[in-house]
2 protein chains.
Amino acid sequence: MKNKSKRNSIKGIAAELGVSVTTVSFVLNGKAKEKRISEAVTKKILDYIELIGYRPNQLAQSLRTGKSKIIVFMVEDISNHFFSRLARIIEDIAYQKGYKVLFCSNENDDKKSLELIDLFKERQVDGFMIVPSPGIQDKIAALKAEKIPVVLCDRYFPDLDIDHVIIDNEKASYCACEHLIKNNFKNIALITTDVRQTQMLGRLEGYKKAMAAYQLPTNVLILPYKEKTTLQGKESITKFFYENPDLDAAFFTTNYLTKNGLAVIKESFPNALNKMGIVTFDDNELFTIYTPTITAVSQPLEEMAKELMKTMLALLKNPKVAHPPKKIVLKAKLVVRESSKVKE
Amino acid sequence: MKNKSKRNSIKGIAAELGVSVTTVSFVLNGKAKEKRISEAVTKKILDYIELIGYRPNQLAQSLRTGKSKIIVFMVEDISNHFFSRLARIIEDIAYQKGYKVLFCSNENDDKKSLELIDLFKERQVDGFMIVPSPGIQDKIAALKAEKIPVVLCDRYFPDLDIDHVIIDNEKASYCACEHLIKNNFKNIALITTDVRQTQMLGRLEGYKKAMAAYQLPTNVLILPYKEKTTLQGKESITKFFYENPDLDAAFFTTNYLTKNGLAVIKESFPNALNKMGIVTFDDNELFTIYTPTITAVSQPLEEMAKELMKTMLALLKNPKVAHPPKKIVLKAKLVVRESSKVKE
DNA sequence: CTGAAAGCGCTAACAT
DNA sequence: ATGTTAGCGCTTTCAG
């Protein structure tokens, strides 16, 4: 028997078949016709490759061509329902197009983001799809300057001309609030975080504009991002509700806040559950089976993932060429359920 | 100014500094002492590297060393809460140890699994952590034969001597059932899928044994895996409940079944919600705020991830050496909540 | 039509 | 103590 380990390379194949590596390489890359390799030789090579189940070493290929066929999808937290669902869709599209996706979580932390980006640059990934932490504007600009494909997602930097796909947060928020208002809620709280990135600012703005438009008071609770899952966070919400007994509705700007908020309501204000209007950003299947079912601003995950990949693939095709950045703004959908119904 | 693009390699640095590539390489790899490079030269190189922000090309490094520092974590569906949470923990540990993780979803489909494995082998990943689909036993054996590190997760192949980390499904299931029984439920349904892998078989077996031990009747609904999220799946559950009006409790063997089950109960049997005993496999924060709160078999995610990575790292350290496979069986925890309380 | 050879960036055995 | 050099496996230019 042959030395298997040695045969698994172009060189080995060439030696075995008595042809040159060039010929093998051409055949492998479908350039047989173009380079006018004889039918016979082509077939011989193809058959042999089939026989030994040869697959080219992607590492070597990447080193040579400078393309790794890997793209990075950096999110806040891959275990967050919103991001993991996005990731799943992106995965499918990418694999279809011959790309692998490296997922990673930056926890919305600048240091971690920067480290990760550098790490992946060393690895020569072909592009970055990033849900950016607040302070990495310069790094993103640097990537673009280096002609490395970058697409931002969920939030972006207004000062930067970088491709991005986001939703119209302000409008989505405005609509959600208006919906509550039209259902007779008059004292609506906004529960949000101290994150000062575009997505959250937009949601806050939408709320403020809606309240102003209908001349209603604003009641905003801003929680530190760090408390997103802590007991402390729950306590702050509890306190806020106690101090504002007149509230008749609550709008949560992101899914982890909603979890905490619902927990607080259940624990400390059980009566409120059916009296208060409740709307949340980010949908979840479980909201359809909650009692009451929860009204949610549902982001178009499928569409976002598609646009993201479309934009990325376009950049990948021509990374060196300057192009006007694609700024894609999608619409979210308000899924009306029981929790925001008119109460008597 | 210097030609930046050219300087970003060992060769460039060596040229710039008038030393040899070897010296640079040694310094880079912390072998300065060992190879007795002079302090002065070492410092000069280090400083220069710092200055230009040089980072070695991992691709080239990998090609040379044969190690890519990438491990694969293949799960059923990365958007499934159970798997995405596992992934998040694994990600952290891996990065700490200098590894990146490529996540992918096989949808419990053999064809997809095999394709993915081959894809990643071409990419020379260092190891595989796999939640295997039912029919890839041979492929797993082949990987092991090739001395490629593999660790299975969540389920395994009893005929194969492969490292794995799983939970004691039978016992977890038995305990859950026993808990229901002790709370006076006498007609307990098991709602499961037709997946015939160890994890599901264990859960079924635990149920059967518990029912036998307490001389209670069994009521098993087995749903096709394909219907896991379809309307069809819901209809089957509805039908099952209609045809078995005596049921006083339901045990769902996996999280997507629970979602469907709760939906069905809410839609078609709203009274049952507070009368029936309900227990589910796989915990979810939302279960703590559901009404009633839902009793769940909670898998030790943190511990699973840690053991997985520990096992993988051990293999990685010495891939060529035969070793007795580590078969790690963890215990799940029953988190008792309102849904399984004694009803009157 | 096919082959020889350079080179992607890095490591490490071998030489000095 | 530092330099020379041979590859890792592949693509591609240039020569026949």
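Numbers restart at 1 for each chain; the letters A, B, ... are given by sequence-line order, proteins then strands.
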query = Across the strands shown, which category fits A:T22 at heavy-atom distances under 4.0 angstrom: base, sugar-phosphate, nothing?
reply = base
- [ ] Would you classify A:V19 as touching base, sugar-phosphate or nothing, given that sugar-phosphate means primed atoms plus P, OP1 and OP2, and contacts are heavy atoms under 4.0 Å?
- [x] sugar-phosphate
* Asked: Judged by atom type as modelled, is there a donor-acceptor pair below 3.5 Å linking the side chain of B:S84 to the main-chain atoms of B:S79?
  -> no
Does a salt bridge link A:K139 with A:D110, judged by any charged N lying under 4.0 Å from a carboxylate O?
no
message: Quick check on D:dT11: is either OP1 or OP2 less than 4.0 Å from any side-chain nitrogen or oxygen of A:N29?
response: yes
Separation of C:dC8 atom P from B:R64 atom CZ, nearest Å, is 16 Å
Within less than 4.0 Å of OP1 or OP2 of C:dT11, is there a side-chain N or O belonging to B:T65? no
Query raised in the report: B:K31 near the nucleic acid: base, sugar-phosphate alone, or nothing, with a heavy-atom cut-off under 4.0 Å?
Result: sugar-phosphate
Atom CD1 of A:I52 and atom P of D:dG9 are separated, to the nearest Å, by 13 Å
>> Is it the case that the side chain of B:N57 and the backbone of B:L59 share a donor-acceptor pair, with hydrogens and angles ignored and the cut-off at 3.5 Å?
In response: yes
The correct set of residues in residues 35-45 of chain B placing a heavy atom under 4.0 Å from DNA chain D is B:K35, B:R36, B:I37, B:S38, B:V41
Expected list for residues 115-126 of chain B near DNA chain C, using heavy atoms below 4.0 Å, is none
A:L63 atom CG is separated from C:dG7 atom C1', nearest whole Å, by 9 Å
Checklist entry - For the residue pair B:F103 and A:F103, does the interplanar ring angle fall in the parallel (under 30°), tilted (30 to 60°) or perpendicular (over 60°) class? => result tilted
B:S25 has its side chain closest, among D:dG9, C:dC8, C:dT11, to C:dT11
(message) Between A:S113 and A:N106 (side chain of the first, backbone of the second, donor and acceptor by atom type, cut-off under 3.5 Å), is there such a pair?
(response) no
A:Q61 vs D:dG9: side-chain N/O to OP1/OP2 distance below 4.0 Å: no
inquiry  = Donor-acceptor pair, distance only, cut-off 3.5 Å: does the side chain of B:R85 make one with the backbone of A:N80?
reply    = no
note: B:K67, atom NZ; D:dG9, atom C1'; distance rounded to Å ~ 16 Å
**Ring-face cation of A:K35 near A:F26 (centre distance under 6.0 Å, axis angle within 45°)** = yes
Closest heavy-atom pair, A:I162 versus A:H164, reported as atoms and distance to 0.1 Å, is O-ND1, 3.1 Å
From CD of B:E34 across to P of C:dT11 the rounded distance in Å is 14 Å
Whether the side chain of A:E91 engages the backbone of A:V101 through a donor-acceptor N/O pair (distance < 3.5 Å, no angle test) should be reported. no
Under 4.0 Å between a side-chain N/O of B:S20 and OP1 or OP2 of D:dG3, yes or no? yes
